[in-house]
Number of protein chains: 2
Amino acid sequence: MYLTQRNQYALRAIVELARQVGKGPVKVSEIAKAQAIPLRFLEVILGQLKGSGLVDAKRGYYGGYFLLRQPEDITVGSVVRFLQGEPDLKECQSCISNRQCPFENNCAFASLWSRVNEAVFNIYDETTIKDLVPDEPVARF
Amino acid sequence: MYLTQRNQYALRAIVELARQVGKGPVKVSEIAKAQAIPLRFLEVILGQLKGSGLVDAKRGYYGGYFLLRQPEDITVGSVVRFLQGEPDLKECQSCISNRQCPFENNCAFASLWSRVNEAVFNIYDETTIKDLVPDEPVARF
DNA sequence: ATATTCTCGACCCTTTTAGTCGAGAAAGCA
DNA sequence: TGCTTTCTCGACTAAAAGGGTCGAGAATAT
């Protein structure tokens, strides 16, 4: 739900891939430059992202990263879920251990947290990567 | 939006005060015990909370903390806002500095973050402390 | 006086997050 | 073949955030 800098970088990297869809693999260095992300850090992030099945990479001269699905078929929710996993909100986050919950597992906070989480993921799930790609500036003549 | 352990402790402390409303000041040690919060840490938290105008304290023998408003008049939103301040969501959180935003301040993320934030605070604002106080177990005979 | 309870600032420790680095492996090119 | 490019992998470091503690002082009641 709360997105770290790293996870925002990941999203922006995917957006950049979406922006260049159809132009073949995009180099990490290119993404890093376009999105102002530290290069070596981005390498790590994209490496992780490969595990999601959303992107893949090719090495060598014409190498780089590319999307495995259309931008409109990738939701922010699916990316976020992959990056941080779904939090276990059935159990109240206020209680370190469930055994010593001061409300004896009848805790009103649990419902609050899960409602919040649901609201957030509703938004994430209805937002696709395509929605995040900036519109091309209209050509002037 | 994202609540730290500390901020959840704060909320639970207030809930405990609400639970005991009308019984005079509640000692920190009592709150700590009831809500399973580390005592010395709770002292710090309640000290901060005094600045919100929602609670106040009295020292000495019959001292302790107490609410300055009715539980139903305190929203979770007002507490959270005091604890963490409203994030500055007009500007995209992805960009370290606004000057070097790769999207040139026309960033689709900004809208996403603010929609998420709004959704979360809608829930926080419509939830009062009273809603979080567990129902008294019905007396059986 | 004295016991009680909040008050204040400084302090410490652990975990998370951000970011870097060097060497290696695949892919293309000459 | 050998050279260049670009991803790949694991280890590593640094900074920040978060959680929690402590001692001494100040108000309040008996």
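Quick note on labels: first sequence line is chain A, next is B, and so on, each numbered from 1.
Residues from residues 22-29 of chain A with heavy atoms under 4.0 angstrom of DNA chain C: there are none.
D:dC7 atom C1' lies 14 Å from atom CD of A:Glu30, rounded to whole Å. Across the protein-nucleic acid pair, A:Leu3 atom CG and C:dT17 atom C1' stand 14 Å apart, rounded to whole Å. A straight line from CG of A:Asn7 to P of C:dG19 spans 13 Å, rounded to a whole angstrom. Summarising the geometry, the separation between CD on B:Gln48 and P on D:dG20 is reported as 15 Å, rounded to the nearest angstrom. Atom NZ in B:Lys50 sits about 12 Å away from atom C1' in C:dT5, given to the nearest Å. Between the C1' atom of D:dG20 and the CD atom of B:Gln8 lies a distance of 16 Å, rounded to the nearest Å. If you measure from atom CG of B:Asp56 to atom P of C:dC6, you get 12 Å, rounded to the nearest angstrom.
In this model, the phosphate group of C:dA18 is not approached by any side-chain N or O of A:Tyr9 to a distance below 4.0 Å at OP1 or OP2. Under 4.0 angstrom from either OP1 or OP2 of D:dG19 there lies at least one side-chain N or O belonging to B:Thr4. For the OP1/OP2 pair of C:dT5 and a distance below 4.0 Å, the side-chain nitrogens and oxygens of B:Tyr65 include no atom meeting the criterion.
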Check residues 24-32 of chain A and write down every donor-acceptor pair under 3.5 Å in which the side-chain atom is one partner and the other belongs to a residue at least two apart or another chain.
none

Please table the atom pairs, donor to acceptor, closer than 3.5 Å between any side-chain atom in residues 51-60 of chain A and protein atoms at least two apart or in another chain.
residue: A:Ser52; atom: OG; partner: A:Leu49; partner atom: O; Å: 2.6
residue: A:Ser52; atom: OG; partner: A:Leu54; partner atom: N; Å: 3.1

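Side-chain N/O atoms of A:Arg6 and A:Gln48 include a donor and acceptor closer than 3.5 Å.
Salt-bridge formation is detected for the pair B:Arg40/B:Glu43: a Lys NZ or Arg NE/NH1/NH2 atom is positioned less than 4.0 Å from an Asp or Glu carboxylate oxygen.
Hydrophobic clustering keeps A:Ile129 apart from A:Phe66 (ILVMFWY residues linked when any side-chain heavy atoms are closer than 4.5 Å, directly or through intermediates).
A side chain to side chain donor-acceptor pair (under 3.5 Å) check over residues 64-78 of chain A, counting only residues at least two apart or in different chains, returns the pairs A:Thr75-A:Ser78.
For the pair A:Asp125 (side chain) and A:Asn122 (backbone), a donor-acceptor distance under 3.5 Å is absent.
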Nucleotide-resolved protein contact map, nucleotides 21-30 of chain D, B/S/- at heavy-atom distance under 4.0 Å: BBB--BSBSS
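When hydrophobic residues (I, L, V, M, F, W, Y) are linked wherever their side-chain heavy atoms come within less than 4.5 Å, B:Val44 remains an isolated member.
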